[in-house]
Visitor: 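Quick one: the structure is below, and I'll ask about it shortly.
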Amino acid sequence: GQSLEQPSEVTAVEGAIVQINCTYQTSGFYGLSWYQQHDGGAPTFLSYNALDGLEETGRFSSFLSRSAIYGYLLLKELQMKDSASYFCVLIYNQGGKLIFGQGTELSVKP
Amino acid sequence: KAGVTQTPRYLIKTRGQQVTLSCSPISGHRSVSWYQQTPGQGLQFLFEYFSETQRNKGNFPGRFSGRQFSNSRSEMNVSTLELGDSALYLCASSFDVGWETQYFGPGTRLLVL
């Protein structure tokens, strides 16, 4: 089947580093993306991994390991505005279908 | 460049009615996808259109349908509304099928009474 698992909630303090894991149970996909969604807002694209390894974009980094069927999003120097839901998304190589994880709600405390 | 727009933003309907939602993608984007977001089920893929053809479909009943016009604008229709159809409906556009970056609109919040 096709499923993605992420922790439902994560709490961290300002300035800290937090890692949000995503595990999946499928094969044959283009890559893994990460999206951020603030409460009441639209999801916005953060990062994409097509190949194994680390992709860095400013304070955000994303990692993919196909052999370990695992990926993660790393947020550094946390800010209050980072409080949001984060979704990992699998992009299948069958017509570009997207499968979203259930999302991880990140709360950043002062 | 203007972003993805969706109309209407809010909608209240009663059970049994039907509803049509509209999505205008970013200029130049030919792929439009629709998603349903609810607190219990999260974000679920409804369908995707590319060049007026439905290329992909999620696991939703036939009451959910869509179409895409030659200018890439898309509409989705839900017939015989049920209480469980209350959700945020999000539209996303991308340059091509399978493109990793999807640009989401603000969504249409539908309440079925």
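Each chain gets a letter, A, B and so on, in the order the sequences are listed, and its residues count up from 1.
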Visitor: Tell me, yes or no, whether the heavy-atom count around A:L51 atom CG, taken from other residues, nucleotides or ligands under 6.0 Å, exceeds 12.
Guide: no
Visitor: Are A:Q37 and B:Q37 linked by a side-chain donor-acceptor pair shorter than 3.5 Å?
Guide: yes
Visitor: Is there a chain of hydrophobic side chains (I, L, V, M, F, W, Y, each step under 4.5 Å between heavy atoms) that links B:L46 to B:V112?
Guide: yes
Visitor: Of all heavy-atom pairs between A:A42 and B:P106, which one has the smallest distance, and what is that distance?
Guide: CB-CA, 4.1 Å
Visitor: What distance do A:T44 atom OG1 and B:F104 atom CZ have between them, rounded to the nearest 0.5 Å?
Guide: 9.5 Å
Visitor: Could you tell me which portion of B:F47 (side chain, backbone, both or neither) has an atom closer than 4.5 angstrom to a non-hydrogen atom of chain A?
Guide: neither
Visitor: Check whether more than 12 heavy atoms from other residues, nucleotides or ligands sit under 6.0 Å from atom CD of B:Q54, and answer yes or no.
Guide: yes
Visitor: Does atom CG of B:N71 have more than 12 heavy-atom neighbours from other groups under 6.0 Å away?
Guide: yes
Visitor: Taking the side chain from B:Q102 and the backbone from A:F45, do they hold a donor-acceptor pair closer than 3.5 Å?
Guide: no
Visitor: As an exercise, state the distance from CZ of A:F87 to CG of B:L43, rounded to the nearest 0.5 Å.
Guide: 5.0 Å
Visitor: Pick one of side chain, backbone, both or neither for B:L90, based on which atoms fall under 4.5 Å of a heavy atom in chain A.
Guide: side chain
Visitor: Determine whether B:L11 and B:L113 fall in the same hydrophobic cluster, where Ile, Leu, Val, Met, Phe, Trp and Tyr are linked whenever their side-chain heavy atoms lie under 4.5 Å apart.
Guide: no
Visitor: Just checking B:R63: does its CZ atom have more than 12 heavy atoms from other residues, nucleotides or ligands closer to it than 6.0 angstrom?
Guide: yes
Visitor: Given heavy-atom pairs under 4.5 angstrom as the criterion, report whether the side chain, backbone, both or neither of B:Q44 touches chain A.
Guide: neither
